[in-house]
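Each remark here refers to the structure printed beneath this line.
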Amino acid sequence: MPRVRFAPSPTGFLHIGSARTFIFNWLYARHMGGTMILRIDDTDVGRNSEASLTSIYEGLRWLDLGWDEEYRQSERLALHQRMAEAIFANGLAYRDFTPAEAAQGEKSGAHGTWLFHTGMREMATAESDRRAAAGEPFALRFRVPRDRERQVRFTDCVYGEQAKSTADIEDFALLRSDGLPTYHLASCADDADLRISHIIRGQDHLTNTFKHVLIFEAAGVAAPQFAHLPLLVAPDGTKLSKRRHGPVVSVTTYRDAGFLPHAFINFLCLLGWSPKDDRERLTRQELIDAFSLEGINRSNAVVNFTEADPFDPKAAHFNAELIRTMPVEELAERLLPFVRAAGHQVEPGIMAQIAPLIQERIKLLRDVLTAADFFFVEELAPYDAAELIPKKGDAALALRVLERAGEVLATADFSHDGLEAALRQAAQDLGLKAGQMFEPIRVAVCGRKTAPPLFGTLAALGRQTSRKRIGQAIEKLKPI
RNA sequence: GGCGCUAUCGUCUAACGGUUAGGACAGAGCCCUCUCAAGGCUUAAAUACGGGUUCGAUUCCCGUUAGCGCUACCA
């Protein structure tokens, strides 16, 4: 059974590229009947933060996919140490006493490639032991084989055969001078110990993998399979990052805007992977069934956001489609928190009446605040009285319509069908087209021309509010 | 600079070496209609460039160009 892991480091919020990596790992595990492991890679004590740990858990919890086992690297330092010692004992690592700050100058070698600090790699064992015993701080470095130039090789499940000359791999650090493991060491030690079978991670690790292959080899353990994922990039082509692109790359931004977790997952899955048929909207189970490493492609995918709209239109479209097809009761329930968070009090009963009116008119849950705003306030925001005048009509006509509407609504049956019948009849009586009749009423009760369907809106608003707003509209119109 | 990876409509993508290069989103138009949506129909839009290999390249190989990634005692 495959064992896969998602290994975020708590040094920033959970970003959408990480979320996609998590999802692909999860999908692979579920498809294969394997185990999904969450491992917090927190060996960089200086950069860890409680806030980012919270952000990661929040984001993952929202995705609602779950995992089977959980570990924290900081609790496994002894294991990492042991692997470092084993490699050192095999003669494949050496102590580097170069002070961390002093390492700059040597960064570029003869061909522009830095390989190791002179004097350290070839230091005699006796001197190395003596200086270590004397308490001089050192980093432990991997002794990349240099006697004969050879190729480090592995087969990536996505990118295929990979090879790199050892002449192009520097003597990377295994342990820092404070004794803590570096990412490379800790990651490999844990992957080996947790018996990870497939490492599915971002393509930014593709070149690091050569180092990892070297580590596994030096420690005498078999390397897992590797599958690198094409990167998610911004419209400018660069890797998504908080610094450059801001909160649009954070999972919680999507959550807070009112994305449904599954719409978000569905969208992310189609970035760098395809089921190879024309399906685009897939249920969770369909994703599990269709997912395979072979379906992953090799080129970076652009997340198409702008300053004006932080969300990729396709993501928004998937969300809108999911909203449209969900039971209205569920929609009402999901909408409520957004309305309340904006400081409005709404009865669940009213929300249930509003939900079907906006169901096919919103893309994000938070759109309820702009699509249905007039339901939530006692007084309408000020609007121009001219809005009340219908096409091919004048103020006098609008006035006549509203006065008649006021009368009709006083006695009409306040159901969708009752209102429709009464208002259509009224239009006929006035010798008007339905549209001419409805437009002034719509503006009077909603405060604008673009709004949900009129009869359902009036029914949800209720007789009292509807008549009051029509009365106010008449007052606005009189001076004209 | 060195090393690695990538290259199909604006974006995400599909295409045993043989297709009028398909789909989706976004765009445009029409229909439906109480506005807006939703829905239906129609439309515009791509194989980076140059060489090979082949009867035939989007597909295989080489080069060019461009982009990205790595090049830390970060992960």
Side-chain angles (χ1 to χ4, degrees), chain A residues 7-12 41-44 46-47 96 98-101 103-104 107-109 111-114 137-141 156 159-160 162-165 167-170 172-184 186-187 201-211 228 230-231 233 235-239 267 270-281 297-304 312-318 320-321 324 357-362 371 390-391 420 423-424 427 433-439 441-443 446 448-455:
Chain A
S9 66
T11 53
D41 280 8
D42 55 352
T43 55
D44 184 1
R47 301 204 314 159
D96 183 344
T98 310
E101 325 76 59
Q104 260 94 349
K107 279 291 155 67
S108 43
H111 304 289
T113 312
W114 176 88
F138 62 86
L140 192 71
R141 285 186 183 279
D156 190 89
Y159 289 91
Q162 301 295 315
K164 186 169 184 168
S165 166
D168 294 316
I169 304 173
E170 78 280 9
F172 54 94
L174 259 18
L175 291 177
R176 298 188 269 237
S177 49
D178 60 4
L180 286 173
T182 62
Y183 160 75
H184 300 301
S187 179
R201 74 214 322 181
Q203 193 243 42
D204 46 347
H205 286 296
L206 191 64
T207 16
N208 287 331
T209 306
F210 296 104
K211 295 174 186 170
H228 287 90
L231 261 21
V233 298
D236 67 5
T238 59
K239 191 167 128 174
F267 166 68
L270 264 19
L271 257 26
W273 173 82
S274 140
K276 304 297 180 193
D277 50 38
D278 279 345
R279 287 182 298 168
E280 296 228 308
R281 282 208 40 200
N297 51 38
R298 285 171 285 274
S299 48
N300 292 171
V302 174
V303 180
N304 212 358
D312 190 305
K314 198 153 188 175
H317 177 260
F318 281 152
E321 246 182 329
R324 226 179 289 135
L357 296 174
I358 60 169
Q359 184 161 28
E360 54 190 35
R361 270 164 262 269
I362 58 174
K391 288 190 211 30
E420 175 159 20
L423 290 172
R424 283 193 189 280
K433 286 185 155 178
Q436 286 180 297
M437 178 81 192
F438 302 156
E439 198 174 307
I441 304 175
R442 172 177 298 110
V443 175
C446 301
R448 57 185 138 87
K449 285 184 165 155
T450 303
L454 187 57
F455 315 120

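What you are looking at is a predicted structure, and each value in this text was computed from that prediction instead of being measured. The analysis underlying the following values was restricted to heavy atoms, covering all of them including side chains, and did not include hydrogens, waters or symmetry mates. In what follows, chains are A, B, ... by sequence order, proteins preceding strands, each numbered from 1.
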For [X], all residues meeting side-chain contact (heavy atoms from CB on, under 4.5 Å), sequence neighbours excluded:
{"X": "A:Ser299", "answer": "none"}
{"X": "A:Lys449", "answer": "A:Glu387, A:Glu439, A:Val443"}
{"X": "A:Asp278", "answer": "none"}

Remember a base hit wins even if backbone is also touched, and classify [X] as base, sugar-phosphate or nothing at under 4.0 Å, heavy atoms.
{"X": "A:Thr238", "value": "sugar-phosphate"}
{"X": "A:Gln359", "value": "nothing"}
{"X": "A:Asn304", "value": "sugar-phosphate"}
{"X": "A:Lys239", "value": "sugar-phosphate"}
{"X": "A:Arg298", "value": "sugar-phosphate"}
{"X": "A:His228", "value": "nothing"}
{"X": "A:Ser165", "value": "nothing"}

Side-chain N,O ([X]) to OP1/OP2 ([N]) below 4.0 Å:
{"X": "A:Arg281", "N": "B:rA24", "value": "no"}
{"X": "A:Arg176", "N": "B:rA75", "value": "yes"}
{"X": "A:Thr182", "N": "B:rA72", "value": "no"}

Take atom CG of A:Asn208 and atom P of B:rA72, then tell me their distance rounded to the nearest Å.
11 Å
Within this structure, what is the CG-to-P distance between A:Asp156 and B:rG69, rounded to whole angstrom?
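In whole Å, B:rG69 P lies 18 Å from A:Asp156 CG.
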Going by distance alone, is a donor N or O of one side chain under 3.5 Å from an acceptor N or O of the other, for A:Arg361 and A:Thr450?
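Result is no, nothing qualifies.
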Of A:Arg201, A:His205, A:Gln162, which is the lone residue that meets side chain to side chain donor-acceptor pair (under 3.5 Å) with A:His228?
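For A:His228, the side chain to side chain donor-acceptor pair (under 3.5 Å) test succeeds with only one of A:Arg201, A:His205, A:Gln162, which is A:Arg201.
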For the side chain of A:Tyr183, starting at C-beta, report the closest nucleotide among B:rA75, B:rC3, B:rC68.
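That would be B:rA75.
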So, are A:Lys211 and A:Glu170 salt-bridged, with charged N and O less than 4.0 Å apart?
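So A:Lys211 pairs with A:Glu170 through a salt bridge.
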Do the side chains of A:Lys314 and A:Asp312 get close enough for a salt bridge, i.e. N-O under 4.0 angstrom?
no
Whole-Å [atom1] distance, [N] and [M]:
{"N": "B:rG23", "M": "B:rA15", "atom1": "C1'", "answer": "11 Å"}
{"N": "B:rA66", "M": "B:rA24", "atom1": "P", "answer": "36 Å"}
{"N": "B:rC36", "M": "B:rC31", "atom1": "P", "answer": "13 Å"}

Taking a pair as Watson-Crick or G-U wobble with both distances under 3.5 Å, which nucleotide is matched to B:rC25?
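Across any shown strand, B:rC25 pairs with B:rG10.
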When the nearest nucleotide of RNA chain B is assigned to A:Asp236 and to A:Gln162 on a heavy-atom basis, which residue is associated with the more 5' position?
A:Gln162
Could you go through nucleotides 13-16 of chain B and list every protein N or O atom that sits under 3.5 Å from one of its N or O atoms, giving the distance for each pair?
| residue | atom | partner | partner atom | Å |
| --- | --- | --- | --- | --- |
| B:rU13 | OP1 | A:Gly272 | N | 2.4 |
| B:rA14 | OP1 | A:Lys276 | NZ | 2.5 |

Determine the sole option in A:Pro10, A:Pro8, A:Ser9 for which the side chain to side chain contact (heavy atoms under 4.5 Å, CB included) test with A:Asp42 is passed.
A:Pro10
Which letters describe nucleotides 26-40 of chain B, given B = protein heavy atom under 4.0 Å from base, S = only from sugar-phosphate, - = neither?
--------BBBBSS-
Taking salt bridge (Lys or Arg N to Asp or Glu O under 4.0 Å) as the definition, give me every residue that meets it alongside A:Arg298, ordered by chain and number, with sequence neighbours left out.
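Testing A:Arg298 for salt bridge (Lys or Arg N to Asp or Glu O under 4.0 Å), a comparison that skips the adjacent residues, returns none.
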